[in-house]
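Sequence lines set the chain letters: A, B, ... in the order given, protein chains first and strands last, and positions in each chain run from 1.
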Amino acid sequence: MSFLLTCPNCGEREVTDFAFGGEVVPRPRSKPSERELNAYNYFRTNVAGVQREWWYHRSGCRAWFQAKRDTTTNQVLWVGHPKGR
Amino acid sequence: MSRLPPRPGERLNRDRPIAFTFDGRTVQALEGDTVGSALAADGQQVLSRSFKYHRPRGLMCCSGKCPNCLVDVDGWPGVRACTEPVREGMKVEHMNARPSLRFDVMRATDHFGKPFTPPGFYYKTFIRPRRLWPLYEKVLRNAAGLGRLVGRQRKREWRTEYRRRHADVLVIGGGTAGMAAALRAAELGADVTLVDEGPELGGDLLASEHSEEAREMGVRVGDAGVEVLSGAAALGFFDGIVPVWAGSTLHQIRARAHVAATGSIEQPLLFEGNDLPGVMLCSGAERLAGLYGVTPGKVAVVATTADRGLESALALSEAGVEIAAIADARADGPGRELSERVVRAGIEFHTGTAVVRALGRGRVTGAVVAELDADGRWIEDTERGIDCDLVAVSGGTVPATSLLLQAGAKARWDEAAGAYLPDEPPPGIYVAGAVAGYGSPEAVLASGAVAGAEAALSIGLGGEDDRARLEADRATLSETRHSVDETVPAAASGAARGHGRCFACLCEDVTADDISYAIEEGFDSLELLKRYTTVTMGPCQGRMCQLPAARKVAQDTGTSVAEVGLTTARPPWSTVPLGVLAGRPFEPAKRSAVHGRQRELGGNVMWAGDWRRPYDYGDPEGETMAVHESAGLIDVSTLGKLMVRGPEAAAFLNRLYPNRFDTLKPGRIRYGVLGDDAGRITDDGTICRLDDDSFYVTTTSSGADAVESWFAWWLADWQMDVHLTDVSQGLAAFNLAGPLSREIISGLTDLDCSNEAFTYLDGKRAHVAGVPCLLLRIGFVGELGYELHCPAALAEHLWDSIAAAGEPHGIRPFGLEPQRVLRLQKLHILVGQDTDAESNPLEAAMPWIVKLDKEEDFIGRWALESVQERGEENMLVGFTVSNGAVPVEGAAVVVADGPVGRVTSSRFSPRLKKTIGMAWVPVALAEDGASITLADNGRRLDAKVQTTPFYDPDQERLRG
């Protein structure tokens, strides 16, 4: 599956320029139960649809950014830096 | 066959002779010839032997579409002679025939082997008795395949590249339609790339009387700024990327819009002996004459089901071939105008007639024609033989839709055209020319212009004028399409009846009867039939045989071709060497700034991850002892090095590491183990605080990239006021270790190196030998020592200075192997060797590094709390083996029931004169003095657990 991705610093590139960083999964705010910790570490939603995810420009500026991509069509709807803390 | 007098539009340069060899004999050719045309001119009609039955085969399509001319060129198998240009001295050899092309013993399968090799024979024969399988396998392996690879790997190596290209509009196909589309799109301002399989633009017209116009148009395309790739085959359509193979480069082209102008493919006819050398496609015969000046035969019988066969007959006649007869299978024949031209040319011409048999052994010597009844079957009483040496056939054309279908277009059966036309191309893909079903030159041109304009407009180029022009072109197109009512549609190719060999698939030697039998056996859908008989699975990929196979299925199952459908179009559409697809692998070899010095000193350089590093300098034991007794120098420039700076730097590191860094004073160093939220160790290194806001972090050599991206990721998430700078490449680092290291270094710097001023775990900045350095007094190898970090550009000077200063003290360079022994003596772990993806710091004997009482949350805290609550299950411990045997790394720790752990590191220590190591053992055995048993390659070793360092456990040497 091949598509173009826009690095917020460098601009449009082939997706192979980047490394996929996984779904954006919020880290538990306070001590989680064992189950919650395992879900955070190992389980993913793996949605067939629009997903918010991390990308790393490994062959370029090495910046981390996020994107919203439809996993069924590889259409990238948004890229940008993650919001605040 | 022989050369014709010079023809306009021929590719030859008759003033430039070229000589090459074919099967050892010299062949005279002309510049511009292909191997096939040169051999034809030389009278060599048989070029190869077919895949299964080893039947002699000769030129048929002359355009790289059929399998008949595959030869071996200079050790490279599978080259199509009909498109391969001749080169001086090239060595061409036949394939798939032993001992020679003229006499091939394997032809026996054709004469006698038929009962053993029907389609799918490997499901029925050569199975029992099972014990004979090794013999069957040997026989089949020898018989299978077409070419042979040269034995030596290095003779087969070639350098390939891949290139990424981006274009506004990609036009696939350089015939008239493609050129028209490229020109129009360029006019609208598009950045156009045009790829074409042929050696020059012009497509099918190059072999015709319009070759001049075609070439002239090609020049205009270049002048318009279109990027042209010739000799470039588009292999497939992958999600918007079209890979194109040209020479030794794979171009991966991504375009915003595409125009597919891939043309159409002339089809052969089915009759007995239709694979004999001398049976050619009409267009093939025309190409041989028109492009290469070789007469395809003296006397020809032309068999056709479409107008183009008659056009060909006229062209061949004009080229000097005597046309004995034209057999047009259509009851009503061609349109009036074409009929009249044929009559005026004085050519004997029959409608409702077909060639039912080609005669000859090894080559055509005659043809048998017969009349057809209303159902298209031939009437035996009307059979009549005609002497000839060429049977030129045309079963009409089919559009080359594969790339379009791969892109997601549908295939729609068009009864009038007698072919599947592409339908509903996906957005961004436009269709032009013969592939879309356009026939007349005017329609082809207009369709190209329309497609080019549509493509450019679709990506926002062009303006109102262009839109208006497009409408006008569209109008022209509908008119021209309908004005060609003189063209009569092609008839179904002659129905073959079970008489002898009538080949539906030339590549795989599948006859029409084979298909019928397979359908009788139940493989009655095209997809099943394909997989069972392998029809369409050969080098032609269905170009010659997909439609005939579909027709046969329709005929035998009593359905229509429209219902039968096509097999799924898959890449690669053209044959491509694997080496081109592999591209150039990216295998970096990293070398440190003092790599040259290390080689000069006799270092045994080997791979350590991406790095080239010396394992030793020829004497690992001596080098180890030097570090204990005087001093050793090792290059550790491969370490990852990160500057972490900012007001929140300490807080940032506190969140990432299980231990504390806010309490680390400036000028001090602390060891750190990096973990993930599952509590697992991912890397380790030292952190030196340079000042309140600056930390210098080192990582393992192979983990440098991963740690940098890990840090950067959390920073992107937490958005703390911290700046990360990767200085791994910019700084070099050496470890000077040994009791005399202080003396050596003191001579090179003004820094006070006394034990009071520069204590263990201090980090100081100073000039050493004039080079600005960061000196870290740490002890990975267990002796007094300093790790010096300096700018890489000055590294060689620093190394030389230290070596010179240390020479009178007996300094020796040491490599990775001595380093391993030294660190093992101190029970210092190597992440990835002594730990794996499941190891956590509590179990890896570093509980002191996990500060669970730290206030802030850190990565891995919760998981480590769990481990502590549950209690450790396995522990990493040291061990000694008394009898001096060294267990292999990976040896199991066993108890009566089986393995319970493993050895991760083991060496014989020359200093301690015993075997030492590290192993994972169950917590019950993780106590000093516990006995464990190691299972090592069949022998059992007794070992004793030790949880404290083997050498200098009180760190007196280190802190001295």
> Checking heavy atoms, do the side chain of B:Asp857, its backbone, both or neither come under 4.5 Å from chain A?
Replying inline: side chain
>> Let's go through A:His57 and A:Phe18 carefully: what are the C-alpha distance in whole Å and the side-chain angles of both, what is the deciding distance for ring-ring contact (aromatic ring centres under 6.0 Å, His included) to 0.1 Å, and is it a yes or a no?
In response: CA-CA 4 Å; A:His57 198 180; A:Phe18 304 90; 4.4 Å; yes
> Out of B:Ser709, B:Gly240, B:Ala678, which one racks up the most heavy-atom pairs below 4.5 Å with chain A?
Replying inline: B:Ser709
> What part of A:Tyr40 lies closer than 4.5 angstrom to a heavy atom of chain B: side chain, backbone, both or neither?
Replying inline: side chain
> Looking at A:Phe20 versus A:Trp55, is the centre-to-centre ring distance below 6.0 Å?
Replying inline: yes
> Which bit of A:Gln66 comes within less than 4.5 Å of chain B, counting heavy atoms only: side chain, backbone, both or neither?
Replying inline: neither
>> Is the distance between the ring centroids of B:Phe237 and B:His258 under 6.0 Å?
In response: yes
>> So for B:Leu724, is it side chain, backbone, both, or neither that comes closer than 4.5 Å to the heavy atoms of chain A?
In response: neither
> What residues, two or more places apart in sequence or in another chain, satisfy side-chain hydrogen bond (donor to acceptor under 3.5 Å, both in side chains) together with B:Thr835?
Replying inline: none
> Measuring heavy-atom distances to chain A, does B:Arg254 have an atom under 4.5 Å in its side chain, in its backbone, in both, or in neither?
Replying inline: side chain
>> Which one wins on heavy-atom pair count under 4.5 Å against chain A: B:His166, B:Glu865, B:Glu708?
In response: B:Glu708
> salt bridge (Lys or Arg N to Asp or Glu O under 4.0 Å): which pairs involve residues 43-57 of chain A, sequence neighbours left out?
Replying inline: A:Glu53-A:Arg69
> OH of B:Tyr162: more than 12 outside heavy atoms within 6.0 angstrom?
Replying inline: no
>> Heavy-atom count check: over 12 atoms from other residues, nucleotides or ligands less than 6.0 Å from B:Leu578 CG?
In response: no
> By a 4.5 Å heavy-atom criterion (distance strictly below it), what part of A:Arg27 contacts chain B: side chain, backbone, both, or neither?
Replying inline: side chain
> Who among A:Pro28, A:Ala19, A:Ala63 has the most heavy-atom pairs with chain B under 4.5 Å?
Replying inline: A:Pro28
